[in-house]
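Have a look at the structure below before the remarks.
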Amino acid sequence: MTKSEIIKILNEIGLLLELKGENFFKSRAYYDAANKLEVIQEDIQTLVSENRLGSIKGFGKALTSKITELVTTGEMEYYTKLKETVPKGLVSMLRISGLGPKKIMTIYKSLGVSTIEGLKEACENNRLLDLPRFSKKTKDKILEGIKNYNEYSEKFHYPIGEVLGSELLKYIKASGIVQRCEAAGSLRRKKEVLKDIDILVSSDEPDKVMDLFTSHYYVKEITGKGETKSSVVLQNGMNADIRVVSDSQYPYALHHFTGSKEHNTALRHLAKKQGIKMNEYGLFKDDELIICHNEEDIFHVFSMDYIPPELRENYGEIEAAENNELPVLVTNEDIKGVFHTHTNYSDGNATIEQLIIDCINRGYSYLGITDHSKTAIYAGGLTEEDIKRQHEEIDLLNEKYHDFKILKGIESDILPDGSLDYNERVLQSFDFIIGSVHSAFKMEQNKMTNRIIKAISNPYMNILGHPTGRLLLSREGYKIDVEQIIEACNENSVVLEINANPYRLDLDWRHMKNAKEKGCKFVISPDAHSIKEFDYMRYGINVARKGWLEKSDVINVLNKDEIVRYFM
DNA sequence: GCCGTTTTCGGCCCGACTGTTTTCAGTCG
């Protein structure tokens, strides 16, 4: 049983308990445990076998014994029995906007409806109207919720939120009726996928802001409109929320709406221990406001360093901020060059020289060329002959652009048996090699892990490309033991790629802190197939920051001479 | 279900909006 399976079960128990109308705090104990497990980097099997789970805060007697049972036997009697008492469809109904556990249970108990299809049928035949507190409006709202669930239950890649968010901000700022205005929520925290866009505004005319926001031409539907808060669905199905506060409340509100929920809960808990009440309107000691002019001031009230939004995931940032141990996060400006770029030798659309010129314009001082290797026929992988030709061209270009360095690389397929794609003589001819899996994705976990570890231990391999192969919102990563891969990379001095393509963002930031603590190095790479895709770099920086990475953890902050020495 | 430097019981973060009802429950973030 893997950690992620355990996390899933704990979360599901939380949902089931909510549906059953149990004490909400009991549900929350399960959610909290699931969240904690996600943060804990240590192997869950080890924690259980060494009886250390119970010493972690949030894991009391009951949870410890239940998780132990799950880890050792693969089953949990409590969960199995609990599942039997709640029809499966009710859990998925929770994902319909406007429906919570109470309403779902009322519908189920009175009408026996236990699927979304059944619910739709019941609404259409007006069978809900006899229930207490269910009117025509409630029914219409549920139908709307079902429609939205079917159409828009998905999340969105970060760049979509980035574009829509900045347009909305520009529009609101241009009105002249707001003082401060910025994106909050997961957009500000630079999450790799977003559910919605949160916008915070300070203004003396909240009613006008509400009208302004809800009348933007992006808005397809207004789902809520109050005095200081409105919610809309945009044309592409993404939700957007706006909140207005007075300018003096803005810093507190900005922190509040930036979240994450887990970070806020943890900080409020800490505040409460110090006798401070914390909400979106302020920090209060004995009902007296503690004046803060910006977010920095808020953290200073708690004798903490400022926590950048990217880190606010309750992954240990609060403790680190208390102990002056927060990382100095890597920035865009730190990056001195890029690797993992494809040219028109394989499936890229630019020439090597076009890439060079663009890199120089962006202020980079080196470029690693890595076209696909010969097995990747679908992507025009390079034959030995192509490689020779490309290397000759690179030699000439290195002479022409003598202040710039072009490194000869290849993105070699990691073949199903774990070997790289050329013989040793050819492998030797490169300055560096990225190894990536592009085929036979469906291997069983052990086999896949061993395949990749074998490649990592190949002395010619320098970088592990998109380590898990995931495509955000469309394809799960291949089944691998990430911990073992990280271990192998560390032992063999193989650099972990942070693939900055916003559809990948792979390695996942949740693994970075652990890998960094183990001693691993990272490279942030655009995986560019065109000049335009060098723009991807900033998404890679975003997640590197979320993964607590500092300049010293990343190799493409090195200057031209240092990077040449690095691969020697 | 968890937790405790006032606590082993009684809390557990907090407020806006909606809809239904006329004082509040449910949902959401």
Side-chain angles (χ1 to χ4, degrees), chain A residues 10 13-14 16-36 53-67 78-79 82 93-107 128-129 131-142 144-145 184-187 189 194-200 206 210 214 222-232 239-245 249 252-253 255-284 314:
Chain A
L10 292 175
I13 292 175
L16 291 168
L17 291 172
E18 274 199 75
L19 282 167
K20 293 199 78 171
E22 291 269 356
N23 181 345
F24 171 71
F25 295 104
K26 190 166 164 179
S27 300
R28 215 176 68 180
Y30 283 91
Y31 297 138
D32 285 348
N35 284 333
K36 286 245 167 67
L53 191 60
S55 57
I56 300 170
K57 214 175 145 203
F59 295 84
K61 260 192 181 156
L63 268 165
T64 302
S65 105
K66 285 183 177 120
I67 294 170
Y78 176 73
Y79 170 60
L82 183 65
M93 277 194 213
L94 277 170
R95 292 181 55 195
I96 294 171
S97 158
L99 271 187
K102 296 276 165 28
K103 283 206 177 95
I104 290 173
M105 242 16 210
T106 306
I107 294 167
L128 257 54
L129 301 183
L131 305 179
R133 302 181 74 92
F134 280 78
S135 69
K136 181 173 178 303
K137 225 167 179 176
T138 316
K139 180 207 75 175
D140 290 344
K141 210 179 161 187
I142 293 175
E144 188 65 28
S186 48
L187 186 57
R189 299 201 314 280
L194 310 170
K195 230 178 70 198
D196 59 7
I197 297 170
D198 292 300
I199 290 174
L200 179 70
M210 294 295 100
T214 53
I222 300 167
T223 48
K225 190 176 175 189
E227 287 168 23
T228 61
K229 180 184 168 183
S230 288
S231 302
V232 299
N239 291 313
D241 296 329
I242 196 168
R243 186 66 180 267
V244 184
V245 294
Q249 292 165 337
Y252 314 101
H255 176 268
H256 179 89
F257 291 111
T258 296
S260 67
K261 203 169 69 192
E262 289 77 18
H263 168 91
N264 284 358
T265 305
L267 197 61
R268 244 187 245 121
H269 188 73
L270 187 137
K272 201 169 176 182
K273 267 203 242 169
Q274 300 183 16
I276 296 172
K277 192 176 104 165
M278 186 171 188
N279 59 29
E280 59 259 58
Y281 304 116
L283 298 178
F284 302 93
N314 202 25

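All heavy atoms count here, side chains included; hydrogens, waters and symmetry mates do not. Residue numbers start from 1 in every chain, and the chains themselves are labelled A, B, ... in the order their sequence lines are given, proteins ahead of strands.
- In this pair, Tyr78(A) and Tyr30(A) present their aromatic rings parallel. The plane angle is below 30°, not in the 30 to 60° band.
- Distances from the side chain of Asp241(A) to the nucleotides dG29(B), dC12(B), dC14(B) place dG29(B) closest.
- Under 3.5 Å, the side chain of Asn23(A) and the base of dG1(B) form at least one donor-acceptor pair of N or O atoms.
- For Lys229(A) and dT18(B), the shortest distance from a side-chain N or O to OP1 or OP2 is not below 4.0 Å.
- Closest to the Arg243(A) side chain, of the nucleotides dA16(B), dT27(B), dG1(B), is dA16(B).
- Relative to the side chain of Thr228(A), the nucleotides dA16(B), dG26(B), dC3(B) differ in distance, and dA16(B) lies closest.
- Set against dG19(B), dG26(B), dG1(B), the side chain of Leu63(A) has dG1(B) as its closest nucleotide.
- At least one side-chain nitrogen or oxygen of Lys272(A) sits closer than 4.0 Å to the OP1 or OP2 atom of dC12(B).
- Remark: the backbone N or O of Lys57(A) is paired with a side-chain donor or acceptor of Lys36(A) at under 3.5 angstrom.
- Set against dC24(B), dG15(B), dG1(B), the side chain of Arg133(A) has dC24(B) as its closest nucleotide.
- Checked against dT27(B), dG19(B), dG15(B), the side chain of Tyr281(A) finds its nearest nucleotide in dG15(B).
- The side chain of Lys103(A) approaches dT27(B) more closely than any other nucleotide in the set dG19(B), dT27(B), dG1(B).
- Counting only heavy atoms from C-beta on, Lys57(A) has its side chain closest to dG4(B) among dG29(B), dG4(B), dA16(B).
- Comparing dG1(B), dG29(B), dA16(B) by their nearest atom to the side chain of Asp198(A) picks out dG29(B).
- Considering only the side chain of Ala29(A), dG1(B) comes nearest among dT27(B), dG19(B), dG1(B).
- Look at CZ on Phe24(A): it is 12 Å from C1' on dG29(B), rounded to the nearest Å.
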